[in-house]
Amino acid sequence: MLDNAKQLVMASARSDVPPFMVMDVMAAAARLEEQGARVIHMEVGQPAAPAPTSAIVAARAALEGRIAYTESLGIPSLRARIARHYAETYRIEVDPARIIVTTGSSAAFILAFLALFEAGDRVAMAVPGYPPSRHIASALGCEVVPIETTAATRWALTGDALLAAHRKSPLKGVLVASPANPTGTMMTAQAFAELMRAAEDAGIRFISDEIYHGLDYAFPAETAVRLSPNATIINSFSKYFCMTGWRVGWMVAPEPLVRAIDRLQQNLAISVPTLSQIAAQAAFDGRAEMEAVKHGYEENRRILTEGLPTAGLDTFFPVDGAFYLYADVSRFSNDSFDFAKRMLEQAFVAATPGVDFDPFHGRNFLRFCYAGSAAEMREAVERIGGWLRRG
Ligand SMILES: Cc1ncc(COP(=O)(O)O)c(C=O)c1O
């Protein structure tokens, strides 16, 4: 009887995905703040700035009217505006019919994996990488094949590494992100094109997570939209447009997949929150405001890349884009979780241990998010330097 009752409430095996450690860091920081500490938050990957004014004004105005369901693929004028974004930003013509509005890029992962893969399909992902993409794929029954990247290839997943994994056991897909989370490192246009060519020639479906596009400092980020009509592109208003909580993103899908994704979205969500879609369309009018925010990140990046080496953290991945710096802390500890905990408790700087992002070497790394203010960055460098010197 007891066993029967237990069976009724037992979580499924596929829901057994790992937690996100960054949440533990956030909770520990919140406890310290309750006791009066002033913590510098560099653990969560989100902009400190609000959405563009144009987005907020449009959302306020829309609240006067009826907020109803929209078409499952998204409000047509928003889809057309996103298509125009590709013309303006990348000089690429995209048919608005290929654009699908999603509930953040998180929901786009679910739609893409369901539309592209069967349960049991093997999908390659670069390590270090954003954990939820791995966990969503595995919860949907895919087998995630992590492929380690190294300094020798500037931390890029290469065609050779992909094909080596494919030879061991065939892959059905590959997901890449450039700029990447947690590293902030980007693939050069050449490395990106070579990987895509290798994937497509081998019949491996290509998904490009372009959520940090717009936040590229070292060189312009390449989009998979330019390289192939067969790739699935995922993007979001969360990062460049500072709209994390609005939960709105988009996909550029291969034309033959659009109807399948439409049917999935009809059933899974009906449509994406209407207010957020209206705000997202207006966000494109706030580009000047967002460029100013981006310049702030560039200044933060300068402060950290110059300041952290003098503070003692002198080894990090190429700080190309997004708003992350991924630092090697192995000189001080081989347990980045413990290192992050002590840095929080003693220097009051919160950062995320690499174990979330890299099951192999994450214990040697710490991710700093530099989406805060320049004053916070300067103070963080000082606090970390003082703390490391005190030992
Ligand atoms: C690489 C990457 N992809 C996707 C996401 C999901 O973002 P959202 O669902 O807010 O669009 C994140 C969030 O941090 C991310 O870092």
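All values reported here derive from a predicted model rather than from experimental measurement. When a ligand or atom number is given, it counts from 1 through the structure's own listing order.
- At the top of the distance list for atom 14 (O) of ligand 1, counting protein heavy atoms only, stands Lys239 NZ, 2.7 Å.
- The closest approach between Phe237 and ligand 1 stays at or above 4.0 Å for every heavy atom of the residue.
- Between Tyr324 and Gly45 the shortest heavy-atom distance is OH-CA, 3.3 Å.
- With no hydrogens or angles considered, no side-chain donor-acceptor pair links Thr188 and Gln190 at under 3.5 Å.
- Considering Phe365, Phe357, Phe368 in turn, Phe365 is the only one that fulfils the ring pair (Phe, Tyr, Trp, His ring centres under 6.0 Å) rule with Phe317.
- A side-chain donor-acceptor contact under 3.5 Å links Glu33 and His41.
- Under a 4.0 Å heavy-atom criterion, Asp209 is in contact with ligand 1.
- Among all non-hydrogen protein atoms, the one lying nearest atom 12 (C) of ligand 1 is Tyr130 CZ, 3.3 Å.
- In summary, the atoms of ligand 1 found under 4.0 Å from a heavy atom of Ser106, numbered by their order in the structure, are 6 (C), 8 (P), 9 (O).
- With Gln265 as reference, Ile100 is the one residue of Ile100, Leu114, Leu73 to meet the side-chain contact (heavy atoms from CB on, under 4.5 Å) rule.
- Here the protein heavy atom with the shortest distance to atom 8 (P) of ligand 1 is Ser105 OG, 3.4 Å.
- Inclusion of Arg247 in the set of residues having an N or O under 3.5 Å from an N or O of ligand 1 is warranted.
- Near Gly104, meaning under 4.0 Å from one of its heavy atoms, ligand 1 places the atoms 9 (O), 11 (O).
- Contact atoms of ligand 1 toward Tyr212: 1 (C), 14 (O), 15 (C), 16 (O) (distance under 4.0 Å to a heavy atom of the residue).
- Counting all heavy atoms, side chain and backbone alike, Val39 lies closest to Ala350 at CG1-CB, 4.0 Å.
- At least one cation-pi condition fails for Arg367 and Tyr326: the charged atom is not both under 6.0 angstrom from the six-membered ring centre and inside a 45 degree cone around its axis.
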